[in-house]
Amino acid sequence: MQTLTKAERLRSRKTISLLFEKGKAISIHPVKMVWMQTANKEGVILQFGVTVPKKNFKRAVDRNRLKRQMREAMRKNKLQLKNFLEEKNKPCALLLVFTGKEAVPYKEIEDKIIVILQRFISGFSN
RNA sequence: AUAAUAAACUGUUCUGUCGUUCUCCUGCUUUGGCGGGAGAGAGGAAAGUCCGGGCAGCACAGAGCGCCAUACUUCCUAACGGGAAGUCUUCCGCAGAAAUGCGGGGGAAGAAAGUGCCACAGAAAAUAACUACCCUUGUUUACAGGGGCAAAGGUGAAAACGCGAGGUAAAAGCUCACGGUUCCUGCAGGUGACUGCAGGAAAGGGUAAACCUUAUGGGCUGAAAGGUCAAAUAAGUUCCGGAAUAAGCGGCUCGUUUAAUCCGUCAACUGACGGAGCGGAACGGGUAGACCGAAUGAUGCUGCAAGCAAUUGCAGUACAAGAUAAAUGACAGAAAUCUUCCGUCAACUGACGGGGGAUACAGAACCCGGCUUACAGGUUUGUUGUGAAC
RNA sequence: GAUUCCGUAGCUCAGCCGGUAGAGCAUCACACUUUUAAUGUGGGGGUCCUGGGUUCGAAUCCCAGCGGGAUCA
């Protein structure tokens with residue numbers, strides 16, 4: 001299912017600030033992913049959020065568009081990750097940060113996110 | 001016809017797949033959710049946060065001082081530093097010999113209440129006097145002292161009303177004619193700023209986006225305001241109730257008096273049903289949280305009327321986003337508009353076919369009224385240039 | 001969402017109640033030295049963020065914009 005429900009979004013301010021403090025990062029230009037394990041309170045195996053710094057993109061329109069594209073790429077490609085995490089029973093929180101200075105086409109964002117997820121899965125096993 | 005420029009209006013459409021927020025209907029369920037269907041889902045500037053309000057909390061006897069903002073007139077408005085219509089003045093463009101007219105931009109309380117400042121140059125930058133001119137004293141030319149004057153010279157952004165005549169030792173609004181400026185008075189027009197005419201007075205550089213004076217307005221803070229709840233409660237859902245409710249009085253588990261609402265449908269003079277609201281019971285989530293504030297309003301649209309207009313009144317009609325690490329999207333295809341290239345027809349402009357490119361500025365964050373700024377393409381109007389025809 | 005400050009030489013900053021824009025470091029040339037560094041002497045380098053306005057005159061005063069920073073749970 002390529003859905004994206006409210007429970008799958010990372011909404012807690014506390015978790016987000018914790019992620020920036022203690023989370024581990026995987027970076028492939030122009031996207032950086034911060035992740036950490038969480039306690040499985042709500043029965044959700046995976047929570048993620050997206051963010052674009054205001055410093056690099058002044059216009060709200062540009063930021064919103066990049067966030068939508070990243071969210072869309074995640075929505076399409078998260079199924080494999082979800083199954084993997086369910087096998088291990090290790091709930092995780094992810095945060096995707098767009099670190100590039102200029103906007104890139106959607107295709108590139110999607111490819112890079114797929115690479116990041118694969119690296120995350122292979123790195124998590126070890 | 002075309003190009004430039006200014007203003008106003010407008011702000012691309014459709015289909016497919018997957019997905020998202022809210023509302024309604026519905027199925028399953030461990031009551032937490034999961035699935036299906038339908039509907040609604042960014043702007044003219046949502047932006048900048050430059051003004052003005054609503055709203056909320058706090059403060060508050062009255063007056064004064066201080067601080068901030070505004071400043072021609074009349075009107076509009078909830079209010080405004082906004083808007084409309086005007087007055088005077090100045091600058092730019094065009095027409096014209098000029099007067100003046102048309103279009104556009106700026107300015108206008110007070111410099112005649114007081115204080116300050118005006119570099120360099122210049123005698124002097126605001127109680128003027130260097131050269132020069134005139135009178136006079138020292139024996140005479142020269143030179144020096146005293147006095148008069150402000151016409152001529154040069155400096156400067158700016159030099160003490162302009163010009164002519166009279167006048168004088170030499171001069172000077174010192175006097176007079178003409179002209180200009182400011183103020184006062186009267187008359188006429190206008191709601192008014194102001195304009196015209198007549199009379200009188202005065203000589204006074206600039207600067208208030210220097211201090212300031214006058215008038216008017218402003219209590220302070222800002223939704224991160226503020227409120228309810230938070231380890232068993234709030235919101236919500238389901239079921240039940242019909243005076244269970246509210247206020248006052250009486251020491252008060254109760255009694256008594258008064259009041260007992262609003263909306264919709266059906267019936268018909270007083271009821272029934274449903275909902276809001278009220279009471280009770282059960283269930284009931286998260287934890288930097290939930291809910292209220294918070295989506296019916298100075299609201300939009302249409303028509304009529306008043307007004308030059310901004311705007312206002314009346315009637316009808318509509319309900320039109322509500323997110324919160326923050327929804328309204330991603331991808332693909334087609335159409336439309338603009339532009340460019342090639343080919344054909346045709347003949348200097350277009351038609352047809354094909355290929356390429358572009359479709360802006362920009363994302364609600366409590367809500368309104370303005371202002372400012374950004375903006376592809378299109379439409380309309382004004383001005384100017386060029387070309388053609390008459 | 002709200003409040004507030006700043007923008008001047010390549011860099012860090014003065015100058016900000018108006019009158020020709022400066023300092024330190026850097027850079028260039030010369031001297032000193034066998035050479036380099038250090039030192040000394042001299043020089044160059046500025047749309048004072050942009051546009052408009054007030055004024056005789058604006059980096060400075062006023063208005064609008066652009067860019068950057070800080071604070072408020």
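Just so it is clear: chains get the letters A, B, ... in the order the sequence lines come, proteins before strands, and each one is counted from 1.
B/rA330 and B/rU17 make up a base pair, with Watson-Crick or G-U wobble contacts both under 3.5 Å. The pairing partner recorded for B/rG64 is none, the criterion being a Watson-Crick or G-U wobble arrangement whose two distances lie under 3.5 angstrom. Pairing for C/rC13 is with C/rG22, a Watson-Crick or G-U wobble pair whose two hydrogen-bonding atom distances lie under 3.5 Å. As the counterpart of B/rC143, B/rG138 is assigned, both hydrogen-bonding distances of the Watson-Crick or G-U wobble pattern falling under 3.5 Å. The partner of C/rU34 is absent, by the rule that a Watson-Crick or G-U pair needs both atom distances under 3.5 Å. Base pairing analysis places C/rU71 opposite C/rA2; the two distances defining the Watson-Crick or G-U wobble pair are each below 3.5 Å. In this structure B/rG43 sits in a base pair with B/rC361, meeting the Watson-Crick or G-U test at under 3.5 Å. Summarising the base pairing, B/rC187 is matched to B/rG196 through a Watson-Crick or G-U wobble pair whose two defining distances lie under 3.5 Å.
Among B/rA325, B/rU328, B/rA330, the nucleotide with an atom closest to any side-chain atom of A/Arg68 is B/rU328. Side-chain proximity of A/Arg75 to B/rG19, B/rU328, B/rA330: nearest is B/rG19.
A/Arg71 has a side-chain polar atom (N or O) that falls below the 4.0 Å cut-off from OP1 or OP2 of B/rA326.
Rounded to whole Å, the C1' atom of B/rG110 lies 11 Å from the corresponding atom of B/rA215. Rounded to whole Å, the separation between the C1' atoms of B/rU256 and B/rA281 comes to 31 Å. Atom name P, nucleotides C/rA14 and B/rU213: the rounded distance is 35 Å, in whole Å. When the C1' atom is used for both B/rU339 and B/rU17, the distance is 33 Å, rounded to whole Å. The gap from the C1' atom of B/rA320 to that of B/rG39 amounts to 13 Å, rounded to the nearest Å. Using atom C1' as the reference point in both B/rA235 and B/rG329, the two lie 32 Å apart (nearest Å).
Going from atom CZ of A/Arg65 over to atom C1' of B/rA42 covers 16 Å, rounded to whole Å. The nearest whole Å value for the distance from the NZ atom in A/Lys67 to the P atom in B/rG329 is 15 Å. For A/Gln69 and B/rG363, the CD to C1' distance is 15 Å, given to the nearest whole Å.
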Identify all pairs in which a protein N or O lies below 3.5 Å from an N or O of nucleotides 43-49 of chain B, and state each distance.
none

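Within the 4.0 angstrom heavy-atom criterion, no nucleotide atom of any strand lies near A/Arg63.
Listed by chain and residue number, A/Glu108 satisfy the salt bridge (Lys or Arg N to Asp or Glu O under 4.0 Å) test with A/Lys112 (two or more places apart in sequence, or in another chain).
Considering only heavy atoms from C-beta on, A/Leu117 comes within 4.5 Å of A/Met74 through its side chain.
When A/Arg75, A/Arg68, A/Met70 are each tested for a side chain to side chain contact (heavy atoms under 4.5 Å, CB included) with A/Glu72, only one passes: A/Arg75.
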